2 protein chains.
Amino acid sequence: MGASKVDIYSDQINAIAAIAKVFAHPARVAILKYISSQESCICNDIVDKIGLAQPTISQHLKVINEAGLLNGSFEGKSICYCLNVDRFQEIQEHLNAYFNQTKSNCC
Amino acid sequence: MGASKVDIYSDQINAIAAIAKVFAHPARVAILKYISSQESCICNDIVDKIGLAQPTISQHLKVINEAGLLNGSFEGKSICYCLNVDRFQEIQEHLNAYFNQTKSNCC
DNA sequence: ATTTAATATCGTAATATTGCAATAATACAA
DNA sequence: TTGTATTATTGCAATATTACGATATTAAAT
């Protein structure tokens, strides 16, 4: 097979896995870090900074965007990619809730 | 290609991605949740609970174990898999450090 | 020593992910 | 309108992941 059997898990569990997946590639972690460190940045900067080809960066940005983690308009020429800090915080809290819940009752 | 270019990222970034990868599959999130909810549990319980074949569970447990998240001996017949709460907490703090650091300076 | 029960490993098929070259689309400037 | 610069999309090759049947290993019980 090879595909995850998403339907056999609860929504909460799938949500955690989906969130984790965004951070499960170093390029995306690096991109998020870089975006947050810049006042505003455009994709070409990222390409130079990270060291991957432009289409590859664009693909990773799409994943990050689909997680709701990008702010600003992003079509056309010179574009401002910004970290959606609210969503970023929300994700952090979501993860912490899972961690705290899981920690609570153990041998 | 298809392989992550691990060598072009900092250790910190690769570490975050490696941690996230553990949680990036719902089966592993579910296994961790189940393990933590039981006083002690054996793999066969997990197989019944999660609904994947025994080899598949075993494979996921290996990933979890390699992340240092399992306590107890795990060879032979009846085995007690326990969540390594210390390591679990350590990972939580590691992620929070990354999140807080990334949040701090943004537009 | 044999059986039994539980977990690990191997081999393999199916799907997902990653990465990039080529190309398209978009926005702006001249 | 015609470049020019920037980002998105497409198509494809390579690698990784997921899942499971078959089999091996392990530990305990009989």
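Heavy-atom basis, side chains included; hydrogens, waters and symmetry copies ignored. Being a predicted model, the structure only gives us computed values, none of them experimental. Reminder, nothing fancy here: chain letters follow the sequence lines and each chain counts from 1.
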B:Arg28 CZ - D:dA19 C1' separation (whole Å): 12 Å
Take atom CD1 of A:Ile57 and atom P of C:dC20, then tell me their distance rounded to the nearest Å. 9 Å
Using the side-chain heavy atoms of B:Leu61, tell me which of these nucleotides is nearest: C:dT18, C:dA8, D:dC20. C:dA8
Nearest whole Å is fine: how far is C:dA8 P from B:Asn65 CG? 9 Å
Considering just the side-chain nitrogens and oxygens of A:His25, establish if one lies under 4.0 Å of OP1 or OP2 belonging to D:dA16. no
Apply salt bridge (Lys or Arg N to Asp or Glu O under 4.0 Å) to B:Glu90 and list each qualifying residue two or more places apart in sequence or on a separate chain. B:Arg87
For B:Gln54 and D:dG21, give me the distance from atom CD to atom P, rounded to whole Å. 11 Å
Between the main-chain N or O of B:Pro55 and the side-chain N or O of B:Ser58, is there a donor-acceptor pair closer than 3.5 Å? no
When the distance from CD1 of A:Ile31 to P of D:dT7 is rounded to whole Å, what number comes out? 12 Å
Short side-chain N/O contact from A:Ser58 to OP1 or OP2 of D:dA8, under 4.0 Å: yes
Distance-only, no hydrogens or angles: does the B:Thr102 side chain make a donor-acceptor pair with backbone N or O of B:Tyr98 under 3.5 Å? yes
When the rotation axes relating C1' atoms of four end pairs to the next four are compared across the helix from C:dA1-D:dT30 to C:dA30-D:dT1, five pairs an end, they differ to 10° by 10°
Nearest-nucleotide pick for B:Ala53, side chain only, options being C:dA8, D:dG21, D:dT9: D:dG21
Is the shortest side-chain N/O distance from A:Thr56 to OP1 or OP2 of C:dT18 below 4.0 Å? no
Quick check: on DNA chain D, is the nucleotide nearest B:Pro55 upstream (toward 5') of the one nearest B:Val63, or the reverse? Name the residue that is more 5'. B:Val63
I want to check one thing: is the phosphate of D:dA16, taken as OP1 and OP2, less than 4.0 Å away from some side-chain N or O of B:Lys21? no
Within this structure, what is the CG-OH distance for the pair A:Asp45 and A:Tyr34, rounded to the nearest 0.5 Å? 4.0 Å
Whole angstrom is fine here: how far is it from CD in B:Gln59 over to P in C:dA6? 21 Å
Please confirm whether the backbone N or O of B:Gln92 pairs with a side-chain atom of B:Asn96, one donor and one acceptor, at under 3.5 Å? yes
Atom-pair distance (NE2 on A:His60; P on D:dT9), nearest Å: 15 Å
Testing A:Glu66, A:Gln59, A:His60 for side-chain contact (heavy atoms from CB on, under 4.5 Å) with A:Lys62, which one passes? A:Glu66
How long is the straight-line distance from NZ of A:Lys21 back to NE2 of B:His25, given to the nearest 0.5 Å? 7.0 Å
Whole-Å gap separating P (D:dT6) and CD1 (A:Ile46): 13 Å
